[in-house]
Undergrad: 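Could you have a look at this structure, given as structure tokens, before my questions?
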Amino acid sequence: MGMFDDKPPSQVGEELSIEVSEAETLNSEMRDRKRMCPVTVIVPAYNEADCIADTVNSLLRQSLTPEEIIVIDDGSTDNTAEICSSLGVSVITPPENTGSKAGAQNYALNQIKTEYTLAIDADTTLKEDALEKLFNAMGNPEVVAACGFVIPQKVSTLWERGRYVEYLMAFTFYKEIQEYYEKPLISSGCFSLFRTEYLQQVNGWSLRTMAEDMDLTWTAYQRGKKVRFIPDAICYPIEPHNFHFMRKQLKRWAHGFIQNVRLHWKGLLQVPFLRSIVMVMCWDASIASIFYLTAIPILAVTVSPLFLLGYIIDLPMILVPTLVKAYSRGETWKALSSIPAFLVLRVVNSAIFLEALFKELVLKRTLTTYEKGH
Amino acid sequence: MNIGLPGAGIGGLYYLGCTAIMPFKELLLTVRKPEHKFRYRLVATQLGISFGIITGLFLVYLLLDSLLGFGALTGVQTGEDEGMFYSLLPIIVSFSLLMIILSLVEVSAFFIKRKIRLAEKDYK
């Protein structure tokens with residue numbers, strides 16, 4: 001495998017600049033190919049005209065061909081539906097906007113006839129063999145979901161760079177260990193393959209929390225099912241490019257995490273390893289965040305400015321896994337130059353989590369409105 | 001999806017601990033299940049990353065020590081032993097915290113399981 005083989009299709013240049021007619025041909029050829037798999041792809045979309053073609057084209061180019069690709073046009077006011085139709089995939093439209101990604105996915109669920117369902121975000125492209133890698137992980141009947149490695153499609157703004165480092169670090173180190181202990185924390189919402197029967201058993205993606213992917217994953221564990229993380233199955237979502245959208249996304253994730261812990265805590269305690277990572281995460285996100293945002297500056301002012309080193313003293317923890325992955329992708333400099341952005345993102349992430357914690361637990365103001373992250 | 005403070009905190013320490021257990025767990029699986037294949041690559045990669053992290057943290061410690069001295073943060077003039085204590089304090093505190101949290105989780109899990117078992121017994 002060459003050094004640049006797993007670049008996002010949109011960065012490979014000509015790969016995604018195929019004309020619509022070519023895509024139509026591809027789609028008809030797709031159905032004639034022999035390597036079809038019993039998978040229906042569902043793509044919830046709301047005003048995704050800018051990126052939906054890239055997503056659909058990357059699905060059409062998969063080494064394993066899904067039986068059907070369904071785009072759920074959730075009340076878009078742009079030409080998302082027209083673009084998808086021109087690419088030859090099925091488009092369904094709920095009678096009115098469902099209000100969330102989960103709502104749109106559930107709308108499609110009863111139309112799925114295949115054994116497996118691939119859920120992918122409208123802004124997410126896939127490496128050519130990503131579906132095949134996930135599909136191969138479903139051999140064990142106890143496995144109900146599988147997810148892959150996430151790498152931001154665009155890495156230019158401060159927020160995208162911060163997210164890039166965060167993903168390289170987390171998916172190379174944390175998630176690999178979670179997979180080893182057979183408890184990946186979440187089957188990522190942007191790209192996951194599910195056993196359709198399981199989705200139907202749990203009535204699809206729940207609307208009771210803001211992190212439906214976490215809810216679905218933790219429910220699976222409590223039912224004795226397995227979830228897999230396949231690092232070679234790579235997807236490339238578009239991450240929030242500015243503070244406005246990043247804040248929305250982090251807010252949704254923070255509230256979603258708290259809501260899921262409150263909802264599942266009794267069940268979580270029955271699941272070894274998962275209960276430990278969730279508890280450690282709770283500590284780091286709450287108590288450690290308070291220390292990080294208040295104690296360090298106070299100590300820096302009252303005792304010694306050297307306490308500010310506390311913000312960067314754990315750099316090896318971030319640098320090593322990030323650079324291991326970045327080096328294998330030929331992106332060492334990109335990763336190194338993005339480290340400061342991650343440090344900024346981490347502070348913002350902590351502050352937003354504490355705000356969410358205060359709102360959910362003290363003010364009892366649960367977040368219920370789904371806001372798109374870009 | 002990461003919440004709060006990825007990298008900092010006791011989370012990192014927890015994952016380092018999990019990595020340290022991996023080769024032993026793998027060995028045990030290989031002995032117990034003849035069909036199990038020792039996952040050398042995975043274990044070696046994660047151990048390598050952990051080793052890199054620990055080495056990196058140690059280098060940071062040496063760098064800070066050579067630049068600032070052990071007592072620099074506290075502003076207290078320290079002897080070598082006292083200085084060593086200050087430098088190891090964050091590790092001792094973090095490790096103790098992690099142990100307390102993990103123990104609390106296990107104790108809670110035990111009581112919840114017991115409660116559920118008792119409730120099931122009553123139901124029958």
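Order of the sequence lines fixes the chain letters, A, B, ..., with proteins taken first and strands second; residue numbering starts at 1 for each chain. Scope of the values below: all heavy atoms of this structure, side chains included, with no hydrogens, waters or symmetry mates.
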Undergrad: What part of B/L98 is in contact with chain A, defined as an atom under 4.5 angstrom from a non-hydrogen atom: side chain, backbone, both or neither?
TA: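 Side chain only.
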Undergrad: To the nearest 0.5 Å, how far apart are OG in B/S50 and CD1 in A/I177?
TA: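 Here the rounded value is 5.5 Å.
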Undergrad: With a 4.5 angstrom heavy-atom cut-off, could you sort out which part of B/L104 is near chain A: side chain, backbone, both or neither?
TA: neither
Undergrad: Side chain from CB out, backbone as N, CA, C, O: work out which of these in B/I49 comes under 4.5 Å of a heavy atom of chain A, or both, or neither.
TA: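 Backbone plus side chain of B/I49, per the 4.5 Å heavy-atom cut-off to chain A.
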Undergrad: Near B/F51 CZ, under 6.0 Å, is it more than 12 heavy atoms from other residues, nucleotides or ligands?
TA: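 No, because the 6.0 Å sphere around CZ of B/F51 holds 12 heavy atoms or fewer from other groups.
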Undergrad: Can you give me the closest heavy-atom contact between B/I10 and A/D284, atom names plus distance?
TA: N-OD1, 2.9 Å
Undergrad: Minimum heavy-atom separation for A/S276 and B/Y14, please, with both atom names.
TA: CB-OH, 3.2 Å
Undergrad: Measuring from A/L306:CG to B/L64:CG, what's the distance to the nearest 0.5 Å?
TA: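 Between atom CG of A/L306 and atom CG of B/L64 there are 8.5 Å.
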Undergrad: Test A/P316 against every option in B/L59, B/T55, B/L57 by the side-chain contact (heavy atoms from CB on, under 4.5 Å) rule and name the one that passes.
TA: B/L57
Undergrad: What distance do A/W265 atom CH2 and B/S108 atom OG have between them, rounded to the nearest 0.5 Å?
TA: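 Rounded to the nearest 0.5 Å, the CH2-OG separation comes out at 8.0 Å.
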Undergrad: To the nearest 0.5 Å, how far apart are CD in B/E106 and CG in A/L269?
TA: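 The CD atom of B/E106 sits 9.0 Å away from the CG atom of A/L269.
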Undergrad: Are any of the side-chain heavy atoms of B/Y15 and A/I277 separated by less than 4.5 Å?
TA: yes
Undergrad: So for A/F273, is it side chain, backbone, both, or neither that comes closer than 4.5 Å to the heavy atoms of chain B?
TA: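 When you check distances to chain B, atoms from both the backbone and side chain of A/F273 fall under 4.5 Å.
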Undergrad: By the definition side chain to side chain donor-acceptor pair (under 3.5 Å), identify the one residue from B/K25, B/E26, B/Q46 that meets it with A/Y180.
TA: B/E26
Undergrad: What residues, two or more places apart in sequence or in another chain, satisfy salt bridge (Lys or Arg N to Asp or Glu O under 4.0 Å) together with A/R161?
TA: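 Partners of A/R161 under the salt bridge (Lys or Arg N to Asp or Glu O under 4.0 Å) test: none.
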Undergrad: At a heavy-atom separation under 4.5 Å, does B/L42 approach chain A through its side chain, its backbone, both, or neither?
TA: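 For B/L42, side-chain heavy atoms alone lie under 4.5 Å from chain A.
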Undergrad: May I have the step-by-step check of side chain to side chain contact (heavy atoms under 4.5 Å, CB included) for A/V280 and B/V105, ending in yes or no?
TA: CA-CA 10 Å; A/V280 165; B/V105 172; over 6 Å; no
Undergrad: Most heavy-atom pairs under 4.5 angstrom with chain B, which of A/L315, A/T172, A/V150?
TA: A/T172
Undergrad: Checking heavy atoms, do the side chain of B/V60, its backbone, both or neither come under 4.5 Å from chain A?
TA: side chain
Undergrad: Out of curiosity, A/M317 CE to B/I53 CD1, how far, rounded to the nearest 0.5 Å?
TA: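 CD1 of B/I53 is found 4.0 Å from CE of A/M317.
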Undergrad: From B/T45 OG1 over to A/F173 CZ, what is the distance, rounded to the nearest 0.5 angstrom?
TA: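 Interatomic distance, B/T45 OG1 to A/F173 CZ, rounded to 0.5 Å: 11.5 Å.
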